[in-house]
There are 2 protein chains.
Amino acid sequence: MRKVYTAATAAADVEAVFRLLEGRWKLVILFHLFGGQVQRFSDLEKLIPGISQKMLAQQLRQLEADGIVERRQYPQVPPKVEYRMTEWGQALCPALDSLLKWSEEKQGSEEDVTRKNIDRVGES
Amino acid sequence: MRKVYTAATAAADVEAVFRLLEGRWKLVILFHLFGGQVQRFSDLEKLIPGISQKMLAQQLRQLEADGIVERRQYPQVPPKVEYRMTEWGQALCPALDSLLKWSEEKQGSEEDVTRKNIDRVGES
DNA sequence: CCGTATCCCCCATGATACTG
DNA sequence: CAGTATCATGGGGGATACGG
């Protein structure tokens, strides 16, 4: 049984999802973890040019708090910490893919729009 | 033939989509237009409590510029302006729905996570 | 009815330095 | 290796007023 939405609640819930993923670096991090990949803090630092330690730590903390990413810490010296997607987090991948597919559709749709506008010239 | 993505390009493209939809009011507007609904400026003003004219105009302009929403102006007094989804914009609906479905999955996945954490106690 | 124009504030991000 | 702590900043969004 699917949840029922009004325009307001649907928008609010999508916004809630956006808030989980907004943040300058979260999506890059996620795409480096999708598909079961496991990365250490320093791996992500290397994989993501331009990110600072502060931002990497902050975004990972938030993703972890939101249940999207799992942090696994090994009590040893030197420290070793691994990050991976949670099961739920991994399930986000196809949803993001549908957004990508949508953005790919843009090209094909533009000629149609042009034709529609031409057809509409002189409309009341 | 699908476009091929790296972690960086996939993230960049999803971010591009997010930028189209980010904005305090865009999603509410969209959900009031999805499914072929047509709304006048003043309709949207009434439908969306708390929005200012400035913000409504601004968000509509951006949605229009991005090809998501279509603005149809009738040259008459008093002015009449209608907004509706473009074909491409309407295609966004199922993609957003997959995000909603994902957020609905959260509940079911949380007990599992708890169990996993318990199982993992004492792990090296 | 359908918008612009201004001013202002806040918070996410960045730079930089330090630590168990 | 894997992080905090602190300070600075800029642009998105709100309040308010005005215009065709």
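Each chain gets a letter, A, B and so on, in the order the sequences are listed, and its residues count up from 1. Heavy-atom basis, side chains included; hydrogens, waters and symmetry copies ignored.
- Rounded to a whole Å, the CG atom of A:Leu60 is 11 Å from the C1' atom of D:dG3.
- A residue-by-residue look at B:Gly50 and A:Phe41 shows that A:Phe41 has its nearest nucleotide of DNA chain D further toward the 5' end.
- B:Glu70 contributes atom CD, which lies 11.0 Å from atom CD of B:Glu87 (distance to the nearest 0.5 angstrom).
- Applying side chain to side chain contact (heavy atoms under 4.5 Å, CB included) to A:Trp25 and the options A:Leu30, A:Ile48, A:Leu56, A:Leu44 leaves one that passes, A:Ile48.
- Nearest to the side chain of A:Pro79, among D:dG3, D:dC1, D:dC7, sits D:dC1.
- Remark: P of C:dG3 and CD1 of B:Ile29 are 12 Å apart, rounded to the nearest angstrom.
- Residue A:Arg72 contributes atom CZ, which lies 15 Å from atom P of D:dA2 at whole-angstrom precision.
- Counting non-hydrogen atoms under 4.0 angstrom, A:Ser52 reaches nothing in the nucleic acid.
- Rounding to whole angstrom units, CE of residue A:Met55 and C1' of C:dC11 are separated by 12 Å.
- Protein atom CG of B:Leu56 is 14 Å distant from nucleotide atom C1' of D:dG13, rounded to whole Å.
- Set against D:dT4, C:dG3, C:dG14, the side chain of B:Arg61 has C:dG3 as its closest nucleotide.
- Note that CG of A:Leu63 and CZ of A:Arg71 are 13.0 Å apart. Values are rounded to the nearest 0.5 Å.
- Atoms CZ (A:Phe18) and C1' (C:dA12) sit 18 Å apart, rounded to a whole Å.
- Among the atoms of the strands shown, none is found under 4.0 Å from any heavy atom of B:Gln62.
- Atom CD of A:Glu45 and atom P of D:dG3 are 10 Å apart (whole Å).
- For the pair A:Gln59 and C:dA12, the criterion of a side-chain N or O lying under 4.0 Å from OP1 or OP2 is not met.
- Between A:Tyr83 and D:dG3, a side-chain N or O to OP1/OP2 separation shorter than 4.0 Å is present.
- Distances from the side chain of B:Arg71 to the nucleotides D:dG3, D:dC1, C:dC2 place C:dC2 closest.
- Taking each heavy atom of A:Gln53 and A:Glu45 in turn, the nearest pair found is CG-OE2, 3.3 Å.
- Separating the CD atom of A:Gln53 from the C1' atom of D:dC1 is a distance of 9 Å, rounded to the nearest angstrom.
- Not one side-chain nitrogen or oxygen of B:Trp25 sits closer than 4.0 Å to the OP1 or OP2 atom of D:dG12.
- Taking the side chain of B:Lys54 as heavy atoms from C-beta on, and the options C:dG3, D:dG3, D:dG13, the nearest nucleotide is D:dG13.
- Of the side-chain N and O atoms in B:Arg24, none sit less than 4.0 angstrom from OP1 or OP2 of D:dG12.
- Distance CD/B:Glu22 to CD/A:Glu15: 10.5 Å, rounded to 0.5 Å.
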